[in-house]
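Throughout, residue positions are numbered sequentially from 1 according to the sequence presented.
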Amino acid sequence: MQNVKDIVDEEKFYNLLERTRNPSAGKILKILEKAKEKKGLTIEEIGFLLNTTDEKLIPLMFDAAGKIKKEIYGERLVFFAPLYASSFCVNDCEYCGFHSRNKEPRKKLALKEIEEQVNLLIEMGHKRLLVEFGEDPKENPIDYVVDVIKTIYNTKSHCKNTDDGNTINGNLINSNLITGEIRRVNVNIAATSVENYKKLKSAGIGTYQLFQETYHKETYKNLHHGPKADYERQLFAHNRAFEAGIDDLGIGVLFGLYDYKFEVLGLVSHAQYMEKTFGVGPHTISVPRWQPAKGVDWGRPPYYVSDDELLKIISILRMGVPYTGMIISTRERPEIRAKAFEIGISQTSAASRTSPGGYGSGEKLTQFNIADNRPVDEVIKSVLIQGLLPSFCTACYRNSRTGDAFMALAKTGDIQNLCRPNALLTFKEYLKDYAAPDVKKLGLTVLNTYLNEISDENRKKETIARLKRIENGERDLYF
Ligand code: SAM
Ligand code: SF4
């Protein structure tokens with residue numbers, strides 16, 4: 001029998017937040033030392049960190065989180081883009097532009113249109129997508145979701161870059177074609193049944209992401225109307241997905257709906273519950289902040305989270321659940337994203353659109369506004385200037401390193417011998433096929449720097465050999 005209190009014990013959370021108020025510097029320093037052991041933290045320790053306001057201690061928290069990120073994930077930053085398939089939704093979530101009271105016209109992409117969107121995303125250099133749907137059993141039944149996933153995987157596009165002399169302005173000039181494709185499709189659909197999750201699993205999804213939005217039950221009930229208003233349906237959706245065989249699972253809250261300290265306790269407690277119940281914690285945690293949306297009558301969200309608070313949240317999550325990937329989206333401004341990459345984020349979107357058919361032109365109903373409108377190449381350039389290595393890797397999932405197999409790898413540090421070479425190989429493809437000349441130049445310098453940092457000599461040799469094969473026209477090489 002599933003018990004809400006196993007994840008969210010509200011009384012316990014409030015008592016804990018009260019008990020951990022005004023922590024001493026000594027207490028925080030001790031917790032930071034423990035965090036650096038990369039074994040995670042108790043929710044009591046998370047409480048002390050959340051209650052830290054001392055301006056001298058916050059940079060130390062960022063340092064500790066940055067160190068953990070570097071040790072586990074290295075310098076790589078994985079890129080993806082969202083793909084909105086349908087804005088039809090029967091739910092009336094107060095914060096969302098797709099809420100059912102919004103009278104703006106809706107759009108559901110035909111499979112042909114999905115293919116067109118995917119082609120545009122491939123031309124931008126993307127290799128992994130997060131496909132998004134409103135909840136509508138009539139318009140967006142599970143079979144449509146499955147068809148969309150299959151269509152994405154089946155779409156192949158020719159590279160636009162003339163670097164290899166294969167295409168000029170999209171026209172083929174020799175038969176040695178280089179094609180691009182999406183190699184991992186993550187999915188964000190409303191909570192559903194084990195049976196439906198099994199269909200997603202069979203369609204070959206990567207991560208199944210579902211946000212609790214808020215762990216605070218009363219707030220949840222006030223903000224949701226429609227099938228999503230069922231708090232427990234949402235809270236235990238990951239259990240059903242796991243039962244259906246999906247073991248890469250993503251969690252998150254929408255910051256701004258309720259007190260962020262309560263929400264962070266909810267996230268960490270949920271992660272610990274998953275680890276205890278499934279034997280594997282969440283694959284990712286997302287940290288979206290509410291953004292204005294057409295048709296949502298909020299000047300500010302009820303519990304506004306400042307930039308500084310968001311960064312503090314990210315650093316605390318990195319220390320609390322060190323092996324879980326963490327995602328930041330284009331909801332955030334470039335400067336916040338840059339700082340977030342340093343203190344814990346391992347995955348990010350770029351050049352996103354938040355409406356079905358949004359890649360391309362035309363005025364469309366968006367789910368929310370975005371704050372980083374830069375094209376992919378510009379984001380890549382800024383990441384390179386920061387000294388990070390962009391990655392388009394999808395290897396783990398394709399080599400069945402999901403769930404506990406992935407976590408075991410991360411925990412032994414072996415991820416470094418895989419992630420760095422795989423990041424280098426996929427980034428090399430990006431540089432060959434999509435990058436502008438200045439990005440290519442800068443990218444090759446960064447690529448060579450990290451190539452030299454592969455410690456295993458055999459792995460380094462093999463990576464060099466594969467980089468050459470990519471240079472000569474092969475694609476999709478990975479460890
Ligand atoms: N409809 C599905 C659901 O609600 O679970 C799929 C997710 S929806 C397309 C993606 C996420 O966007 C939601 O889970 C929510 O957290 C977030 N979102 C909704 N409105 C938002 C807003 N105004 N600003 C930022 N994020 C928002
Ligand atoms: Fe629909 Fe999801 Fe938006 Fe709620 S958050 S209105 S379920 S699309």
Side-chain angles (χ1 to χ4, degrees), residues 5-75 215-216 251 253 255 258-276 281-282 285 287 289 303-326 328 336 338-346 407 410-413:
K5 279 199 173 174
D6 289 341
I7 302 176
V8 188
D9 186 336
E10 296 200 357
E11 212 183 303
K12 183 172 147 194
F13 285 6
Y14 286 126
N15 286 339
L16 190 149
L17 286 173
E18 198 50 44
R19 218 174 43 240
T20 55
R21 277 171 69 165
N22 303 319
S24 67
K27 179 87 201 164
I28 295 302
L29 293 176
K30 227 173 166 178
I31 295 172
L32 297 187
E33 280 316 303
K34 180 180 168 198
K36 286 181 201 161
E37 292 169 18
K38 298 179 294 209
K39 293 198 179 108
L41 297 172
T42 64
I43 64 163
E44 170 121 357
E45 288 160 339
I46 298 286
F48 283 114
L49 295 177
L50 286 166
N51 277 321
T52 308
T53 48
D54 185 337
E55 294 201 346
K56 287 196 280 312
L57 291 173
I58 304 283
L60 300 182
M61 282 167 60
F62 288 179
D63 286 350
K67 188 170 183 291
I68 293 165
K69 191 223 153 169
K70 207 148 197 269
E71 282 175 17
I72 296 174
Y73 286 96
E75 63 286 344
Y215 283 96
H216 187 250
I251 61 174
V253 295
F255 284 105
Y258 191 60
D259 178 7
Y260 77 84
K261 295 181 184 173
F262 186 97
E263 305 291 27
V264 172
L265 291 182
L267 282 170
V268 175
S269 172
H270 198 170
Q272 292 175 348
Y273 167 86
M274 287 167 76
E275 174 120 38
K276 203 163 74 194
I285 296 182
V287 291
R289 269 196 299 186
Y303 287 81
Y304 176 74
V305 171
S306 71
D307 292 347
D308 288 346
E309 284 165 343
L310 179 68
L311 293 171
K312 189 168 120 181
I313 290 167
I314 291 169
S315 72
I316 293 173
L317 288 171
R318 179 42 70 230
M319 291 187 268
V321 267
Y323 293 99
T324 299
M326 225 194 304
I328 202 164
I336 299 298
K339 180 74 190 161
F341 298 156
E342 274 169 19
I343 59 170
I345 295 296
S346 55
M407 285 299 164
K411 288 181 181 170
T412 52

With the side chain counted from C-beta on, respond yes when Met61 and Met319 share a heavy-atom pair under 4.5 Å apart, and no when they do not. yes
Mind checking side chain to side chain donor-acceptor pair (under 3.5 Å) for Gln272 and listing every partner two or more places apart, or none if nothing turns up? none
With rounding to the nearest 0.5 Å, note down the distance linking CD1 in Ile72 to NZ in Lys67. 10.5 Å
Can you pull out every ring pair (Phe, Tyr, Trp, His ring centres under 6.0 Å) where at least one residue sits in residues 6-50? Sequence neighbours excluded, please. Phe13-Phe262, Tyr14-Phe262
Supply the atom-to-atom distance Ile285 CD1 to Leu267 CG, rounded to the nearest 0.5 angstrom. 5.5 Å
Exceeds 12 heavy-atom contacts within 6.0 angstrom, atom CZ of Arg19: yes
Any sub-3.5 Å donor-acceptor pair from Glu342's side-chain atoms to Lys339's backbone N or O? no
Taking side chain to side chain donor-acceptor pair (under 3.5 Å) as the definition, give me every residue that meets it alongside Lys36, ordered by chain and number, with sequence neighbours left out. Glu33
Pairwise ring pair (Phe, Tyr, Trp, His ring centres under 6.0 Å) hits with a residue in residues 52-74, at least two apart: none
Go through the steps to decide whether Tyr304 and Glu309 satisfy the test side chain to side chain contact (heavy atoms under 4.5 Å, CB included), and finish with yes or no. CA-CA 10 Å; Tyr304 176 74; Glu309 284 165 343; 5.6 Å; no
State, to 0.1 Å, how close Tyr258 and Glu263 come at their nearest heavy-atom pair, and which atoms those are. CB-OE2, 3.3 Å
Pairing residues for Thr20 by the side chain to side chain donor-acceptor pair (under 3.5 Å) criterion, not counting sequence neighbours: Asn51
If every non-hydrogen atom of Lys34 is compared with every non-hydrogen atom of Gly40, which pair is closest and at what distance? CE-O, 3.8 Å
Quick check: closest heavy atoms across Val305 and Tyr260, and the distance to 0.1 Å? CG2-CB, 4.0 Å
Trace of the side chain to side chain contact (heavy atoms under 4.5 Å, CB included) decision for Val264 with Val253: CA-CA 9 Å; Val264 172; Val253 295; over 6 Å; no
Excluding sequence neighbours, so at least two apart, what forms side chain to side chain donor-acceptor pair (under 3.5 Å) with Lys27? none
Rounded to the nearest 0.5 Å, what separates atom CD1 in Ile343 from atom CD1 in Ile68? 11.5 Å
Side-chain (Arg318) to main-chain (Lys69) donor-acceptor, under 3.5 angstrom: no
How close do Lys312 and Thr52 get, heavy atom to heavy atom, and via which atoms? NZ-O, 2.8 Å
Please find the pair of heavy atoms, one from Ile314 and one from Ala340, that lie closest to each other, and give the distance. CD1-CB, 3.7 Å
Pairwise distance OG(Ser315) to CD1(Ile58) - rounded to 0.5 angstrom: 7.0 Å
Stepwise side chain to side chain contact (heavy atoms under 4.5 Å, CB included) test for Val287 and Ile345: CA-CA 10 Å; Val287 291; Ile345 295 296; 4.3 Å; yes
For the atom pair CD1 (Ile46) and CG (Leu41), what is the distance rounded to the nearest 0.5 Å? 5.0 Å
Drop me the distance from Leu16's CG to Ile43's CD1, to the nearest 0.5 angstrom. 5.5 Å
For Ser269 and Asp6, the nearest pair of non-hydrogen atoms, with its separation, is OG-O, 4.3 Å
